[in-house]
Amino acid sequence: MTIVDLNSDMGESFGAWTMGDDASLLEVVSSANIACGFHAGDPSVIRRTVQLAARNGVAIGAHPSLPDLAGFGRRSMAVSAGEVYDLVLYQISALAGFARVAGGRLHHVKAHGALYNMAAGDASLAAAIAAAVRDFDADLVLYGLAGSALIDAGEAAGLSVAAEVFADRSYRKDGSLVPRSQPGAVIDEVASAVAQGLDMVRDQRVLSVEGNWVPLRADTICVHGDTPGAVTLARELRRALATNGIEVRAP
């Protein structure tokens with residue numbers, strides 16, 4: 001039987017600002033990537049999200065980012081590998097503390113936004129993230145873009161890795177994501193996102209915006225919590241996976 005993880009980025013509310021429907025998503029997904037306060041989330045939001053994930057039996061992950069609240073962590077910064085190591089270690093340590101208090105444990109780490117995309121193509125930044133994860137807890141799973149430097153760095157560091165694909169994002173012919181600044185980067189139509197998700201998990205490939213099929217490895221599939229209709233997409237995707245005999249569970 002084919003097995004895939006269904007993950008979502010969440011815990012991204014902040015103060016009086018609400019982002020996404022985490023409670024409903026946590027009834028559907030098998031793993032949650034919880035913001036650590038640098039791009040979104042505050043201590044109270046983090047605590048509530050971690051507790052809710054633990055109650056639902058959802059694998060708890062840290063979602064560290066660049067320190068960019070105003071830009072939601074989606075703006076690139078000139079940071080050294082050493083700075084990235086410290087940023088990631090700081091954030092996953094905080095999330096692990098909340099998980100422990102909630103009676104759970106940290107299961108995985110997935111970088112957010114610009115940090116994720118920068119490290120996907122920069123071996124030194126990817127190695128810094130992998131080193132921070134390994135040095136904190138070598139049993140953690142490192143999530144990274146399928147076919148990217150993040151997966152290579154995680155494997156080189158001796159970590160378990162999960163190659164990630166995106167149901168709600170468009171791909172370029174080199175396997176990278178279409179930048180959010182470009183039209184069509186986010187797939188809002190549920191049926192199209194579900195169809196892409198199935199292609200990636202079942203057939204290990206994705207159709208690029210240039211029109212060619214790109215082979216990829218799909219261990220975990222992401223639905224962004226801030227995508228319009230994210231809960232509907234997650235439900236429909238999980239239903240389609242089950243219909244096609246694909247089991248959903250955390251790696």
- Item | From CD1 (I221) to OG (S30), nearest 0.5 Å | 10.5 Å
Listed pairs under 3.5 Å, donor-acceptor, residues 135-144 side chains, sequence neighbours left out:
| from | atom 1 | to | atom 2 | distance (Å) |
| --- | --- | --- | --- | --- |
| D135 | OD2 | Y85 | OH | 2.7 |
| D137 | OD1 | D139 | N | 2.9 |
| Y143 | OH | D5 | OD2 | 2.9 |
| Y143 | OH | S31 | OG | 3.4 |

- Note, L87 side chain near P67 side chain (heavy atom, < 4.5 Å): yes
- Message: Using side-chain heavy atoms (C-beta onward) and a distance below 4.5 Å, is F38 in contact with L66?
- Response: no
- Given the rule that I, L, V, M, F, W and Y join up when any side-chain heavy atoms are under 4.5 Å apart, are V194 and V28 in one cluster? yes
- Can you name the nearest heavy-atom pair linking S124 to A81, along with the distance? O-CB, 3.9 Å
- Note on the structure: In terms of heavy-atom contacts, D21 and S24 come closest through OD2-OG, 2.8 Å
Would you tabulate the side-chain donor-acceptor contacts of residues 148-156 under 3.5 Å, counting partners in other chains and residues two or more places apart, or write 'none'?
| from | atom 1 | to | atom 2 | distance (Å) |
| --- | --- | --- | --- | --- |
| S148 | OG | L145 | O | 2.7 |
| S148 | OG | L150 | N | 3.2 |

- Task: Measure the shortest side-chain to side-chain distance between R180 and V186 over non-hydrogen atoms and say whether it is less than 4.5 angstrom.
- Result: yes
- Item | Heavy-atom side-chain proximity of L69 to H39 below 4.5 angstrom | no
- Message: I'd like to know if the side chain of N244 reaches the main chain of A240, judged simply by a donor and an acceptor atom lying under 3.5 Å from each other, with no hydrogens or angles considered.
- Response: yes
- Task: Start with the C-alpha gap between L26 and M10, add the side-chain angles, then the distance that decides, and say whether side-chain contact (heavy atoms from CB on, under 4.5 Å) holds.
- Result: CA-CA 9 Å; L26 285 166; M10 59 180 63; 3.6 Å; yes
- Would you give the length of the straight line joining atom CD1 of I34 to atom NE2 of H108, rounded to the nearest 0.5 angstrom? 8.0 Å
- Can you tell me how far the OG atom of S8 sits from the CG atom of L25, to the nearest 0.5 Å? 4.5 Å
- Are any of the side-chain heavy atoms of L207 and Q196 separated by less than 4.5 Å? no
- Hey, any chance V201 and L6 share a hydrophobic cluster, counting ILVMFWY side chains that come within less than 4.5 Å of each other, even indirectly? yes
- Item | Non-neighbouring partners of R172 that pass side chain to side chain donor-acceptor pair (under 3.5 Å), sequence neighbours left out | S176
- Query: Does G15 offer a backbone N or O that forms a donor-acceptor pair with the side chain of D42 under 3.5 Å?
  - Reply: yes
- Taking only residues two or more places apart in sequence, or in another chain, which ones meet H107 in a ring pair (Phe, Tyr, Trp, His ring centres under 6.0 Å)? none
- If you link ILVMFWY side chains whenever their heavy atoms are less than 4.5 Å apart, which other residues fall into the same cluster as V178? By chain and number, please. V209
- Query: Would I3 and V248 satisfy side-chain contact (heavy atoms from CB on, under 4.5 Å), going step by step from the backbone distance to the final call?
  - Reply: CA-CA 6 Å; I3 298 169; V248 173; over 6 Å; no
- By side chain to side chain donor-acceptor pair (under 3.5 Å) - contacts of E164 (at least two apart): N7, K110, Y116
Would you be so kind as to tabulate the donor-acceptor pairs closer than 3.5 Å made by side chains of residues 50-62, with sequence neighbours excluded?
| from | atom 1 | to | atom 2 | distance (Å) |
| --- | --- | --- | --- | --- |
| N56 | ND2 | L52 | O | 2.8 |

- Message: Ignoring hydrogens, what is the shortest heavy-atom contact between K173 and N212? Give both atom names and the distance.
- Response: CB-OD1, 3.2 Å
- Note on the structure: Scanning both residues in full, the closest heavy-atom pair of A130 with L159 reads O-CD1, 3.6 Å
- Here the pair of heavy atoms bringing G197 nearest to A167 is CA-CB, 4.4 Å
- Message: With rounding to the nearest 0.5 angstrom, report the CG to OG distance, N117 to S76.
- Response: 7.5 Å
Indicate every side-chain donor-acceptor pair of residues 225-233 with a distance under 3.5 Å to a residue at least two apart or in another chain.
| from | atom 1 | to | atom 2 | distance (Å) |
| --- | --- | --- | --- | --- |
| D226 | OD2 | R74 | NH1 | 3.3 |
| D226 | OD2 | R74 | NH2 | 3.0 |
| T227 | OG1 | D168 | OD2 | 2.9 |

- Query: Hey, any chance L216 and L177 share a hydrophobic cluster, counting ILVMFWY side chains that come within less than 4.5 Å of each other, even indirectly?
  - Reply: yes
- Query: Side chains of D9 and C222: closer than 4.5 Å at any heavy-atom pair?
  - Reply: yes
- Item | Closest approach of G184 to S170 (non-hydrogen atoms, all atoms of both residues) | O-OG, 2.6 Å
- What about F72 and H112, are their ring centers closer than 6.0 Å? yes
- Query: Taking the side chain as C-beta and beyond, is there a heavy-atom pair between V79 and M118 under 4.5 Å?
  - Reply: yes
- Query: Hey, what do you get for CZ (F98) to SG (C36), rounding to the nearest 0.5 Å?
  - Reply: 10.0 Å
- Query: So, S13 side chain and M19 main chain: donor-acceptor pair closer than 3.5 Å or not?
  - Reply: yes
- Got a sec, which pairs hit salt bridge (Lys or Arg N to Asp or Glu O under 4.0 Å) with one end in residues 233-249, sequence neighbours left out? E236-R239, E247-R249
- Task: List for me each residue that meets side chain to side chain donor-acceptor pair (under 3.5 Å) alongside D219, sequence neighbours excluded, and say none if there are none.
- Result: R217
- Item | Residue pairs, two or more places apart or on separate chains, that pass ring-ring contact (aromatic ring centres under 6.0 Å, His included) and touch residues 215-251 | F166-H224
- Main-chain N/O of A185 paired to Q182 side chain as donor or acceptor, under 3.5 Å: no
- Task: Just do the side-chain contact (heavy atoms from CB on, under 4.5 Å) check on L241 and V4 with the steps written out, would you?
- Result: CA-CA 9 Å; L241 292 169; V4 72; 4.0 Å; yes
- Task: Answer with yes or no whether the hydrophobic clustering places I187 together with M200; edges join I, L, V, M, F, W, Y residues whose side-chain heavy atoms lie under 4.5 Å apart.
- Result: no
- Spacing of OG belonging to S80 relative to CG belonging to L125, to within rounding of 0.5 Å: 8.5 Å
- Message: Would you say V84 ends up clustered with M77 if hydrophobic residues are merged whenever their side chains have heavy atoms under 4.5 Å apart, either directly or through other cluster members?
- Response: yes
- Under the salt bridge (Lys or Arg N to Asp or Glu O under 4.0 Å) rule, what pairs show up with a residue in residues 75-100, not counting sequence neighbours? D68-R75
- Task: Applying side-chain contact (heavy atoms from CB on, under 4.5 Å), run through R205 and V214 and close with a yes or a no.
- Result: CA-CA 5 Å; R205 64 179 189 172; V214 180; over 6 Å; no
- Is there a side-chain contact between V29 and V223 (heavy atoms, below 4.5 Å)? no
- Query: Does a donor on one side chain and an acceptor on the other come within less than 3.5 Å for H63 and Q91?
  - Reply: no
